[in-house]
Amino acid sequence: MKNLSSDDYVQGVLAGDRVLLARTITLVESNARRHFELAQQVLTQLLPHTGGSIRVGITGVPGAGKSTFIETLGLKLTQLGHRIAVLAVDPTSSISRGSILGDKTRMEMLTREKNAFVRPSPTGGMLGGVARKTRESMLVCEAAGYDVILVETVGTGQSEITVRSMVDFFLLLLVPGAGDELQGIKKGVVEIADAILINKADGENKVRAKAARTEYNRALHYLTPATEGWRPRAYTGSALDGTGIDKIWSVIETFQEKMTEAGTLQARREAQMQAWLHTVIVEQLKQNFYDHSAVQAALPGLETAVRQGTLPPTAAALQLLQIYKTTPEK
Ligand code: GDP
C-alpha cells in the first residue's frame with residue numbers, strides 16, 4: 001500500500017470513504033512513533049469536523065446481550081437514516097488473544113450495512129492505550145459523518161469508568177439474574193449510568209425483568225445522577241425481539257435534546273477533553289521517565305536500597321526524578 005499524506009487521509013475521511021476511514025483508524029491505532037506524529041496531524045485537521053454525533057457507551061457482563069442490542073438498535077437507526085459507528089474498549093484484548101468483545105461473528109448483519117461501521121477493540125497493552133485509540137477513532141468517525149457512535153465495553157469497573165469519560169450517555173445492560181438483582185449496584189456501575197436496560201425481557205423472563213426494573217428504579221432514586229439534571233431510570237426490553245429498543249432510543253434522544261439545551265453536554269465534552277489532555281501528559285511523562293537511559297541505569301540500585309530498607313521510597317523517587325531532570329538523554 002502506498003504511503004498516504006495527511007491530506008490524503010483527511011480528504012478521504014471527509015469524503016466518507018470507508019477504506020480511508022479504516023486506514024485512518026489503523027494509523028491512529030498504530031504504536032509506531034512515526035505514525036504517531038502523522039496521526040496527530042490528521043486528527044488536528046479533522047478536529048473542526050468532529051462533535052456532530054451522539055456518543056453512547058454501552059456496558060454489561062458477557063452474555064448480557066450487548067452485541068445483540070447494538071445490532072438491533074443499529075439496524076433500526078440505519079433505517080431511520082442515521083449513520084452508526086460501533087467502537088469498543090476491551091481491556092482484555094491484549095491479554096487473551098480471543099478477546100471477550102473481539103469475536104468477528106458478532107453483529108454480522110450490521111457489519112454488512114453500508115451506513116454502519118463496526119470496528120473491533122484496538123489492542124494496545126494497557127487500558128489507557130486502548131482508550132486513547134478509541135477516543136481518537138471516535139473523532140475520526142465523526143469527521144466521516146457518522147452521527148451515532150456506540151462504544152461498547154465489558155465490565156472490569158475501570159473500563160466502564162474509562163468509557164464513561166468519553167461518551168455523552170452511558171447505558172448499562174443487565175439481565176434479570178438468578179437472585180442477585182442488585183449486582184450492578186455493588187460494582188458501582190449503576191452510579192455512572194444514565195439509563196439501565198433490563199434486557200431479555202421476553203418469554204418466561206418478562207415477569208422477572210419487570211420486578212428487576214422496579215427494584216432498580218427504587219435504588220436509582222437514592223443515587224446521585226451521573227449527569228446533572230437527568231434522572232436515570234430502568235427500562236425493560238428485548239434485544240432479540242426488538243421490544244423496548246425504540247423506547248431506549250427515544251430516551252437517548254430526549255437526553256441529547258435536554259442536555260444540549262441546558263449546556264450540560266457541551267460542558268461535559270469540554271471537561272472530557274481537558275481531562276484527556278492531562279491523562280496523556282501523565283502517560284507520556286511516565287513513559288519518558290522510564291525510557292530515560294540515566295533513570296534505567298540508576299533504578300536497580302535504588303530499588304535494592306528501598307527493598308533492603310536503607311533508603312525511604314520517597315527519597316529514592318526524588319533522587320530518580322532529579323536524575324531525570326538533570327541528565328540529558330543520550
Ligand atoms: P454480549 O456478550 O453482551 O455481547 O451478549 P450477546 O449479544 O452475544 O448475547 C448473548 C446471548 O444472549 C446470545 O445467545 C443472544 O442470542 C442472547 N440474547 C441477547 N439478547 C437477548 C434477548 O433480548 N432475549 C433473549 N431471550 N436472548 C437474548
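Everything numeric in this text was worked out from a predicted model, so none of it was measured. Indexing begins at 1, ligand by ligand and atom by atom, following the structure's order. Only this structure's heavy atoms are used, side chains among them; waters, hydrogens and symmetry mates stay out.
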For residues [X] and [Y], determine if any side-chain heavy atom of one lies less than 4.5 Å from a side-chain heavy atom of the other.
{"X": "Gln45", "Y": "Asp7", "answer": "yes"}
{"X": "Val28", "Y": "Pro122", "answer": "no"}
{"X": "Ile252", "Y": "Gln256", "answer": "no"}

Can you find an N or O of [X] that's nearer than 3.5 Å to an N or O of ligand 1?
{"X": "Gly65", "answer": "yes"}
{"X": "Ala239", "answer": "yes"}
{"X": "Gly63", "answer": "yes"}
{"X": "Leu240", "answer": "yes"}
{"X": "Asp202", "answer": "yes"}

What residues, two or more places apart in sequence or in another chain, satisfy side chain to side chain contact (heavy atoms under 4.5 Å, CB included) together with Phe289?
-> Val295, Leu320, Leu321, Tyr324
Could you tell me if [Y] and [X] have a donor-acceptor pair between their side chains, going purely by distance under 3.5 Å?
{"X": "Ser165", "Y": "Arg135", "value": "yes"}
{"X": "Arg119", "Y": "Thr26", "value": "yes"}
{"X": "Gln266", "Y": "Thr260", "value": "no"}
{"X": "Thr227", "Y": "Arg268", "value": "yes"}

Find all atoms of ligand 1 within a distance of less than 4.0 Å from any non-hydrogen atom belonging to [X], and give their numbers and elements.
{"X": "Lys66", "answer": "1 (P), 2 (O), 3 (O), 4 (O), 5 (O), 7 (O)"}
{"X": "Ser238", "answer": "22 (C), 23 (O), 24 (N)"}
{"X": "Pro62", "answer": "2 (O)"}
{"X": "Val61", "answer": "3 (O)"}

Pairs involving residues 225-246, ordered by first then second residue, that meet salt bridge (Lys or Arg N to Asp or Glu O under 4.0 Å) (sequence neighbours left out) |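 Counting only pairs at least two positions apart or across chains, the salt bridge (Lys or Arg N to Asp or Glu O under 4.0 Å) contacts touching residues 225-246 are Lys76-Asp246.
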Backbone, side chain, both or neither: what part of [X] comes under 4.0 angstrom of ligand 1, heavy atoms only?
{"X": "Asn199", "value": "side chain"}
{"X": "Ser67", "value": "both"}
{"X": "Asp241", "value": "neither"}

For atom 17 (C) of ligand 1, which candidate among Glu204, Met107, Lys200 holds the nearest heavy atom?
-> Lys200
